[in-house]
Amino acid sequence: MAENIDLFASPASGTPQDAAAEVQALRAQLVQWAHEYYVQDAPTVPDGEYDRVYQRLEALEKAHPELHSPESPTQRVIGAILEGLTPVRHAVPMLSIRTETDNEASGAQAFDARIRKELGLDPGDPPVEYVAEPKFDGLAMNLRYEAGRLVQATTRGDGEVGEDVTHNIRTIRQIPLQLRADAAVPPVLEVRGEVYMRRDDFDALNRKQEAAGGKTFVNPRNAAAGAVRQLDSNITAQRPLSFFAYGLGEVTPVAQGGMQWDSHYAMLMQLRAWGFPVAPQVCVAKGADELVAFHQRMGAERANLGYEIDGVVYKVNSRALQLELGFVSREPRWAVAHKYPAQEMVTRLEGIEVQVGRTGKLTPVARLAPVFVGGVTVTNATLSNVFDIRKKGVRVGDDVIVRRAGDVIPEVAGRVPGVRPQYVPNFSMPRQCPVCGSDVVREKGEANHRCTGGLFCVAQRKEAILHYAHRRAMDIEGLGDKLVDQLVDSGVIRSLPDLYKLGIATLSGLERMAEKSAQNVLAALESSKKTTLARFVFGLGIRHVGESTAKDLAKHFGVLDAIMDASVEELLQVNDVGPVVANSLHTFFAQPHNREVVEQLRAAGVHWDEAVPAEKPAQILAGMTVVLTGTLPTMGRDEAKDLLEAAGAKVSGSVSKKTHYLVAGADAGSKLSKAQELGVTVLDEAAMLRLLQHGAP
DNA sequence: TATCCTCGAGTTCA
DNA sequence: CTCGAGGATA
């Protein structure tokens, strides 16, 4: 099975017997995965892994022509006919386009170079004209119109024979059932395109499935595939599908009253005129440079598209040149698909380490064999807690699926099914803290293990200092983890007040700390002394007291001593403070050493305005709740947050019915779709600035 | 008591 | 960004 196949060995290596055995193993594996994917709609490995094994097999077959077999998965388009749906032979076979996963520009350059060579063009000749299209992640579909009426819709199947899914396709609103009578439509017209599911539709569907206790879908493509191949079109109608047209199948020849087009682009425009959705991004591109530009543009827009694309497609525009270029076996020589790096890959789980956080929480971290996922090399991924590891069933040495979805943070999604060559014990949390050796406990009903060492634990002490220096706390620029490591390890800093005893001599003695940066840090420390009560309270790092709670406390009590001396009952009076937070605060300030730290910090010159703030004039956004998401063009999120809060708005982290506005920048994710679903007004940065000025966008 | 809504905390890589 | 859990609310 998969774990025994060495995918990295050179194709030319090994004896012929080895190669034969491997080829056989790879074929069996691919056939099984294809079955799971197409027939059971339940893939066990990510597409990227399938592609990798497929390419390995291709390479082997190329190196050993004697192993060639018409039965090999590389020799046919994999597909399977589901029982219950009628098989239909395509009038014109549905071919696949050659797919490349090279990096960046090289793919477009290589394609252009190949085309020019085939056409016998000199470097001095004008650039070749191409059409560039996004490559949708859905299912290819053939729509047959006779006399302008939709008579049959078929899936691709194996390229020769597909399945009749007309009853389901009729539920898709974007697909015309009848072409306009006044338009000149060939007597027979087959339109080809991709059926897909929009991301917001997918999210809504999964929420619905979850609420109904049904199974949820892994991704929009699987959901679309399942929907299209239903026997009961009532079910399909509940699953919102969409369509983009990109090509033709059989068309009545001109001689018999049909049509043809000089260029691919003209044909697409005709399809659009007939009422078929054609992707808005489709464009004509001259030469390799414009193809590269298109690829980059799509890569940047990709996250905001509202539907999944897994790459781009380049096609020679001129019909005449297409005919001249012709086909290699089953693939047109005049088109190529250029895929983006996979968002999911398989790699080996080499180990599980344990990290200690600021609150003492022990976090298991997966150490992975480096793997290229979604454009970056990933070597670490969080496994959150022991239960998470159990749930996913991963153990050291397993082949695991690493995912980098819409967000940035990689996660271990699960393991590739298979037998472990040898027994591996399940992961268990250490009994003692790996950093300080204190006992590790897990409170009843809690998922997390914690180190009991407190500030005695070096890991926690370092995190406490970093938290104090945090941008939204005391904002000490330049005091990062590397510097804190050195300061704490060398014993220069034992507690927060020591920070203000730092001198230029101590600092510049450290690694990677020249005089200039040392001075910067000292200056940042100096200016951090003037702060606000809320920032200071937040910076102390009291459990359950985050930024907003610190603000509430500052507003309620006005002065620090009132907070320090407050009883649990008094604390409970504060907005959003319940028994857990109140106890946490009370316990913190009951500890003499904590009070001492506070006094020493004050003695070191840390100060703030303690006067109860005068009632501010009515603020323009008072009572408004605003949520930020994505990357704003000219300002950081923190900056936007401060602006909004200064105007009296409440900036919240998640969208709900109570949200008045969502300010969305580039790469906005789930919050944007949620806002659209709830009908929350979505603003861009410019509209937000108008809101700040006039109280309305 | 159950359910929303928020907040806190942890997290990766270039 | 996502999770878990605290707090408010019905």
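In what follows, chains are A, B, ... by sequence order, proteins preceding strands, each numbered from 1.
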S.K.: When the ring planes of A:F136 and A:Y196 are compared, do they come out parallel, tilted or perpendicular, using 30° and 60° as the limits?
M.R.: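 A:F136 vs A:Y196 ring planes: parallel.
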S.K.: Provide, to the nearest angstrom, the distance between the NE2 atom belonging to A:H467 and the P atom belonging to B:dC7.
M.R.: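 To the nearest whole Å, that distance equals 16 Å.
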S.K.: Determine whether A:V354 and A:P430 make a side-chain contact, defined as any pair of heavy atoms from C-beta on separated by less than 4.5 Å.
M.R.: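 SC-SC contact between A:V354 and A:P430 confirmed.
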S.K.: With the side chain of A:K657 defined as its heavy atoms from C-beta on, choose the nearest nucleotide among C:dG7, B:dT11, B:dC5.
M.R.: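 My answer, after comparing the listed nucleotides, is B:dC5.
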S.K.: Please tell me which of A:L628 and A:V580 maps to the more 5' nucleotide of DNA chain C, matching each residue to the nucleotide holding its nearest heavy atom.
M.R.: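 Looking at DNA chain C, the more 5' nearest nucleotide goes with A:L628.
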S.K.: Say you draw a straight line from NZ of A:K361 to CD of A:Q460; how long is it, rounded to the nearest 0.5 Å?
M.R.: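 Answer for the NZ-CD pair, A:K361 versus A:Q460, is 13.0 Å.
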S.K.: Do any N or O atoms from the side chain of A:N583 and from the backbone of A:P579 form a donor-acceptor pair under 3.5 angstrom?
M.R.: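 Yes; at least one donor-acceptor contact below 3.5 Å.
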S.K.: Starting from the 5' end of DNA chain B, give me the residue, A:T377 or A:T363, whose nearest nucleotide shows up first.
M.R.: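 Going by which nucleotide is closer to the 5' end, it is A:T363.
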S.K.: For A:E353 and B:dG10, what is the distance between atoms CD and C1' respectively, to the nearest whole Å?
M.R.: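 Taking CD of A:E353 and C1' of B:dG10, I get 17 Å after rounding.
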S.K.: Within less than 4.0 Å of OP1 or OP2 of B:dG8, is there a side-chain N or O belonging to A:R543?
M.R.: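 For A:R543, the contact criterion (side-chain N or O under 4.0 Å from OP1 or OP2 of B:dG8) is not met.
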S.K.: OP1, OP2 of B:dT6 versus side-chain N and O of A:S548: anything below 4.0 Å?
M.R.: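 No, because none of the side-chain N or O atoms of A:S548 sits under 4.0 Å from OP1 or OP2 of B:dT6.
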S.K.: Taking only N and O in the side chain of A:S656, is any of them less than 4.0 Å away from OP1 or OP2 of B:dT6?
M.R.: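 For B:dT6, OP1 or OP2 has a side-chain N or O of A:S656 closer than 4.0 Å.
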S.K.: Which nucleotide sits closest to the side chain of A:T549: C:dG6, B:dC7, B:dT11?
M.R.: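 Closest nucleotide to the A:T549 side chain: B:dC7.
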S.K.: Evaluate salt bridge (Lys or Arg N to Asp or Glu O under 4.0 Å) for A:D489 paired with A:K462, printing each intermediate quantity in order.
M.R.: CA-CA 9 Å; A:D489 290 342; A:K462 286 176 180 170; 3.2 Å; yes
S.K.: How long is the line joining CD of A:E645 and C1' of B:dT6, in whole Å?
M.R.: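 After rounding, the gap between these two atoms is 14 Å.
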S.K.: Rounded to whole Å, how long is the line connecting atom CD1 of A:I542 with atom C1' of C:dG6?
M.R.: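 Computing the A:I542:CD1 to C:dG6:C1' distance gives 17 Å.
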S.K.: Whole-Å distance between B:dC13 P and A:K482 NZ?
M.R.: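 So the NZ-P distance, A:K482 to B:dC13, works out to 12 Å.
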S.K.: Heavy-atom nearest nucleotide on DNA chain C for A:N448 versus A:D576: which residue maps closer to 5'?
M.R.: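 Comparing both residues, the 5'-ward one is A:N448.
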S.K.: Nearest whole angstrom, please: distance from the P of B:dA9 to the CD of A:E463.
M.R.: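 Going from A:E463 (CD) to B:dA9 (P), I get 12 Å.
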S.K.: Check every atom of C:dG7, B:dG10, B:dC13 against the side chain of A:R358 and return the nucleotide holding the closest atom.
M.R.: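 The answer is B:dG10, which lies nearest to the side chain.
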S.K.: NA contact type, A:K650, heavy-atom cut-off 4.0 Å: base, sugar-phosphate, or nothing?
M.R.: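 Sugar-phosphate: the residue A:K650, judged by heavy atoms under 4.0 Å, touches backbone atoms but no base.
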S.K.: Rounded to the nearest 0.5 Å, what separates atom CD1 in A:I476 from atom OG1 in A:T531?
M.R.: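 If I round to the nearest 0.5 Å, the distance is 9.5 Å.
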S.K.: Compare side-chain N and O positions of A:N380 against OP1 and OP2 of B:dC13 and report whether any pair is under 4.0 Å apart.
M.R.: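 For B:dC13, OP1 or OP2 has a side-chain N or O of A:N380 closer than 4.0 Å.
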S.K.: Contact class for A:T359 vs. all strands (heavy atom < 4.0 Å): base, sugar-phosphate, or nothing?
M.R.: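 Contact class for A:T359: sugar-phosphate only.
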S.K.: Under 4.0 Å between a side-chain N or O of A:T379 and OP1 or OP2 of B:dC13?
M.R.: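 The answer is yes; a side-chain N or O of A:T379 sits under 4.0 Å from OP1 or OP2.
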S.K.: Below the 4.0 Å mark, does C:dC1 have OP1 or OP2 next to a side-chain nitrogen or oxygen of A:T629?
M.R.: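 Yes, such a contact exists.
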S.K.: Side chain of A:K361 only, please: which of B:dT12, B:dG10, B:dC7 is the nearest?
M.R.: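 Nearest to the side-chain atoms of A:K361, counting from C-beta on, is B:dG10.
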S.K.: Nearest to the side chain of A:S654, heavy atoms from C-beta on, is which of B:dT6, C:dG7, B:dC13?
M.R.: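 Selected nucleotide: B:dT6.
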S.K.: Whole Å only: how far is the CZ atom of A:F538 from the P atom of B:dA9?
M.R.: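 My rounded result for the distance is 8 Å.
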S.K.: Output the rounded distance in Å from CD (A:Q573) to C1' (C:dA8).
M.R.: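 It is 15 Å, rounded to the nearest whole Å.
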